Amino acid sequence: VITDYVSTALAMFVFECMRFSIDHTSQLWFSTLSQFLTSSVVLQEILLFPVLMLGLYWLSGFYNNVILKSRLVNFLTTFYTSLLGTLLFFFVAVINDVDLDHIAFYWIMAWLFMSLLGIVSPSRHFVTRLMRRDVARGLICRPTLIVGTSAEAVAMADRLKHSYMAMGMRVDGYIDCDNSDKTTLNGKPVYGIDHIYDAIAENSTECLVVINAGEKTVSIIHRMLPTGCTVFVSPDFYQTLNAPIRTGNVVGEPLVDLSHPAQSCSAANIKRLIDVAVSALALVLLAPLMAIIALLIKRDSSGPVFYR
C-alpha cells in the first residue's frame, strides 16, 4: 500500500511537470515550474489523488493474495485501474478547464495514464518479486494442515512442498479423521479431528487441504468449513460438487477452493463496499426511530433497553 501511494504520487508529480509544459494557460499564471508545483491546487492533486487511487486499487482486488497472481494479471489490473483513475481525474479536475483545446486535453490525459502505468506497474513488479523471494525463504507462508493421513495425503504434502515457491503453503501437520493411534506422519504431527480447533490455534493455520476419503469426504468438509480457514480439495473430488467452484491455484498444485464463492476479487470487494455503505446509511436513517423505541422501552420497563 505504501509503495502504491508513493509511486502514484511520483506519477502525479511527473504528470504535473508535463502538464505545465503542455498547458500554456498555466504558464500565464505561474512564471516557473516550481511555483506551479508548489501551488495549493497542484499539491492537493499530488497528495490526495493517490488516496483515491488506493481505493481503486483495493476495489480492483489487487491486494487480495498478491503473491498468488501472475504477472499478467497484476499488469492488467494496474492497466485498467490506471485508465479508470485517468478518467476520474479528467471529470473531476480537468474537464472544467475551458482554456484548454481538445488536443491539449488528449495529451494531458495520455500523459497521466502513461505516468500511472509506467511508474506504478514497475514498482509493483519489484515489490512482488521481493515478496516471492521472501516466500521462497519461508518468511512469508500460509500455514496449512492436510486433512487425512493416507498415502495420498503424504503425496499431497510433498507436492505442496515442491510447489512452495508458487503457492506459499507450508504443511505443518495432518488431521486424522479415522481416530487412529498415529502421532506423527512424514515427520509432521498428527491431530485428531475432534481437536481440529486446537490444532488450528496452535499452528495459526490459514489453509486446510481435504484429501478425498470416499463417502466421508462431504461430512469432513462440513466440519472444516466453520473453522474460518480456507478449505481446499483436490480436483479429483470435483465430480461430487454441485456448486460453482473456484480454482485456488493453477501455477503450483491445482486446488479447488470451497470456502469462497466463485467470483472475482474485485466483485467481492465491491460487494463488501456496498454492504458497508448501505448498512451505515441504514443506521443513520434509523437512528432516530431506534432512539424513540429505546426511550419508550425505558419508560415502560425497568429492565435494560437491550436484551441480554
Side-chain angles (χ1 to χ4, degrees), residues 1 3 61-71 73-74 124-178 180 182-213 217 220-221 223-238 245-260 265 268:
V1 176
T3 303
F62 177 81
Y63 300 129
N64 300 56
N65 297 324
V66 178
I67 60 174
L68 299 181
K69 297 175 182 175
S70 66
R71 295 183 181 92
V73 171
N74 287 338
R124 284 181 166 182
H125 177 70
F126 175 74
V127 172
T128 51
R129 285 196 63 180
L130 293 180
M131 293 178 66
R132 288 190 175 95
R133 186 184 65 181
D134 290 340
V135 169
R137 294 177 176 178
L139 301 178
I140 298 178
C141 65
R142 295 189 293 171
T144 303
L145 292 175
I146 304 294
V147 183
T149 55
S150 62
E152 185 181 352
V154 176
M156 173 64 73
D158 290 338
R159 291 197 299 270
L160 291 178
K161 181 179 179 180
H162 293 149
S163 62
Y164 183 84
M165 182 68 179
M167 305 185 68
M169 299 177 72
R170 185 192 67 204
V171 177
D172 293 327
Y174 299 85
I175 301 298
D176 183 10
C177 304
D178 299 323
S180 64
K182 295 180 181 178
T183 57
T184 60
L185 181 64
N186 201 26
K188 301 291 183 180
V190 176
Y191 305 91
I193 192 170
D194 294 330
H195 300 90
I196 178 66
Y197 287 96
D198 294 334
I200 291 173
E202 178 182 335
N203 297 281
S204 300
T205 303
E206 297 180 9
C207 304
L208 297 172
V209 179
V210 180
I211 302 301
N212 192 351
T217 307
I220 292 173
I221 290 174
R223 296 189 65 174
M224 299 299 109
L225 290 175
T227 61
C229 299
T230 302
V231 180
F232 294 101
V233 296
S234 56
D236 60 356
F237 190 62
Y238 172 76
I245 56 95
R246 166 187 272 180
T247 302
N249 194 284
V250 295
V251 178
E253 178 71 19
L255 296 173
V256 177
D257 185 354
L258 299 183
S259 51
H260 297 92
C265 296

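Quantities reported herein were computed from a predicted structural model and do not represent experimental measurements.
The local environment of OH in Y63 is crowded, with over 12 non-hydrogen atoms from other residues, nucleotides or ligands closer than 6.0 Å.
In this structure, L145 and V209 have side chains that are not in contact, with every pair of non-hydrogen atoms separated by 4.5 Å or more. Put simply, the side chain of I175 does not reach to within 4.5 Å of the side chain of I146, judged on heavy atoms.
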Residue pair I211, V147: steps toward the side chain to side chain contact (heavy atoms under 4.5 Å, CB included) verdict: CA-CA 6 Å; I211 302 301; V147 183; over 6 Å; no
Determine, step by step, whether V154 and L185 satisfy the side chain to side chain contact (heavy atoms under 4.5 Å, CB included) criterion, reporting the C-alpha distance in whole Å, the side-chain angles of both residues, the deciding distance to 0.1 Å, and the verdict. CA-CA 8 Å; V154 176; L185 181 64; 3.8 Å; yes
Walk me through it: do N74 and R124 pass the test side chain to side chain contact (heavy atoms under 4.5 Å, CB included)? CA-CA 8 Å; N74 287 338; R124 284 181 166 182; over 6 Å; no
Kindly indicate, with the supporting measurements, whether the criterion side chain to side chain contact (heavy atoms under 4.5 Å, CB included) is fulfilled by L208 and T230. CA-CA 6 Å; L208 297 172; T230 302; over 6 Å; no
Report all side-chain donor-acceptor pairs from residues 187-203 shorter than 3.5 Å, counting only partners two or more places apart or in another chain.
residue	atom	partner	partner atom	Å
K188	NZ	V171	O	3.4
Y191	OH	E202	OE2	3.3
Y191	OH	N203	ND2	3.2
D194	OD1	R223	NH2	3.3
N203	ND2	A199	O	2.8

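The structure places CD of E206 at 7.5 Å from OG1 of T144, a figure rounded to the nearest 0.5 Å. Rounding to the nearest 0.5 angstrom, the gap separating the OH atom in Y174 from the OG1 atom in T184 is 10.5 Å. To the nearest 0.5 Å, atom CG of residue D172 and atom SG of residue C141 are 7.0 Å apart. Remark: T183 OG1 to D176 CG distance equals 10.5 Å, nearest 0.5 Å. Atoms NZ and CE, on K161 and M169 in that order, are 15.5 Å from each other to the nearest 0.5 Å. Atoms CZ and SG, from R170 and C207 in turn, are 11.0 Å apart once rounded to the nearest 0.5 Å.
In this structure, A153 and G148 approach most closely via the heavy-atom pair CB-O, 3.4 Å.
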